[in-house]
Amino acid sequence: MAIKNRFSKKQKNYKSYVVNSAMDDNSAPQSSVEKKAPFAVVEAYKAIRTNLMFLLSQENGKVLAFTSSNASEGKSTTSVNVAIAFSQLGVKVLIIDADLRRSSIHKKMRLENNDGLSNVVAGFSDFETAVQSANPHLDVLTAGPIPPNPSELLGSKGFEELMSKAREKYDYIIIDTPPLNIVTDALLIGPHTDGIILVVRDAFTPHDTIRRAISSAKFANIKILGAIMNGANPKNSRRYSYRRYGYKYGRYGYGYGGYGYGSYGYGNYGYSSRRSYTSYEDKSEKRAKNKK
């Protein structure tokens, strides 16, 4: 009951951001969503990118799948922002919306969804014609029309051939998949990747569902590279401000912790403790002041 109450209060303040997909091109139009992305959010995704690049280099890999244990945990927004962060390196990046039941990548990136993954895998469209360009270094393959048999399509020979073509053409491939505990689609996609990232949401994702998702991935022999936590409430920890450098992060930040490498939480820096760095005061001095 306590967790449910905490979530009901936090849900009102929970926001998701899509960082600027136009990168550093000032002439390119920016959406209202892109303009609202705080500096701390952009830097957090760059930190995630750095850790993921390190992990992929160990395996000589290039394909990542993002999933969650349940719905509404921010995996699609995370997938888009990580893909944008990779594209800012000047390499060729492809993001695939493999959530054929509840697609959202096309909405977040303001693209058409008439021709996408379902058309290509079913043999109704070519891979090259279905792919859309978001910026010079980022291509998008939307989900396409909702098929009657998503699991069968993702487990078919057509999907395997699509992934083979994508590996030859792109430096990094980001795949947004459905939640692990709801459908088996992510487990079918997993063998075609170099690892999956589990997205969790602070005070929303129950611990038992995380354990179940990890167990399912391990049972299917799919490597879990790490976890990303978002939607953290800064009220649970003290703020850490960079006064010397002029930065003071407010609601959104990033921290470390969780499962394996690449675990970040927005709003919780991980540096704070019971003593604030900005107003440091020893406990003994506090007691002396209270007595006076």
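Computed from a prediction, not measured in an experiment: that's the story for all the values here.
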Mind checking the CG-CG spacing from Asp97 to Asp176? Nearest 0.5 Å is all I need.
-> 5.5 Å
Taking a hydrophobic cluster as the set of Ile, Leu, Val, Met, Phe, Trp and Tyr residues connected by side-chain heavy atoms closer than 4.5 Å, whether directly or through intermediates, do Ile96 and Tyr170 fall within one such cluster?
-> yes
Nearest heavy-atom pair of Ser69 and Asn181: which atoms, and what distance?
-> O-CB, 3.0 Å
Sort out for me which residue in Asn230, Thr78, Thr205 forms a side chain to side chain donor-acceptor pair (under 3.5 Å) with Glu73.
-> Thr205
Same cluster or not: are Ile228 and Tyr45 linked, directly or through other Ile, Leu, Val, Met, Phe, Trp or Tyr residues, by side-chain heavy atoms under 4.5 angstrom apart?
-> yes
Closest approach of Ala71 to Phe204 (non-hydrogen atoms, all atoms of both residues) | O-CE2, 3.6 Å
Tell me yes or no: between the side chains of Ser151 and Arg101, is some donor less than 3.5 Å from an acceptor?
-> yes
Return the minimal non-hydrogen interatomic distance between Leu153 and Phe159, and the atom names on each side.
-> O-CB, 3.6 Å
Those residues that, when tested against Tyr172, pass ring-ring contact (aromatic ring centres under 6.0 Å, His included) (two or more places apart) = Phe86
Have Ser125 and Asp115 got a donor and an acceptor in their side chains that come within less than 3.5 Å?
-> yes
Indicate the atoms forming the closest heavy-atom contact of Pro178 with Thr67, along with that distance.
-> O-OG1, 2.9 Å
From Thr142 OG1 over to Lys108 NZ, what is the distance, rounded to the nearest 0.5 angstrom?
-> 14.5 Å
Kindly indicate whether the side chain of His106, heavy atoms from C-beta on, has any atom under 4.5 Å from the side chain of Gln132.
-> no
Could you identify which residues cluster with Ile182, counting Ile, Leu, Val, Met, Phe, Trp and Tyr as linked when any side-chain heavy atoms lie under 4.5 Å apart, either directly or through a chain of such contacts?
-> Val183
Does NZ in Lys218 sit with more than 12 non-hydrogen atoms of other residues, nucleotides or ligands closer than 6.0 Å?
-> no
Around atom CG of Asp208, are there more than 12 heavy atoms of other residues, nucleotides or ligands at under 6.0 Å?
-> yes
Common cluster, Ile95/Val63, ILVMFWY with side-chain heavy-atom separation under 4.5 Å | no
Could you tell me which non-hydrogen atom of Pro206 sits nearest to which non-hydrogen atom of Asn70, and how far apart they are?
-> CD-ND2, 4.3 Å
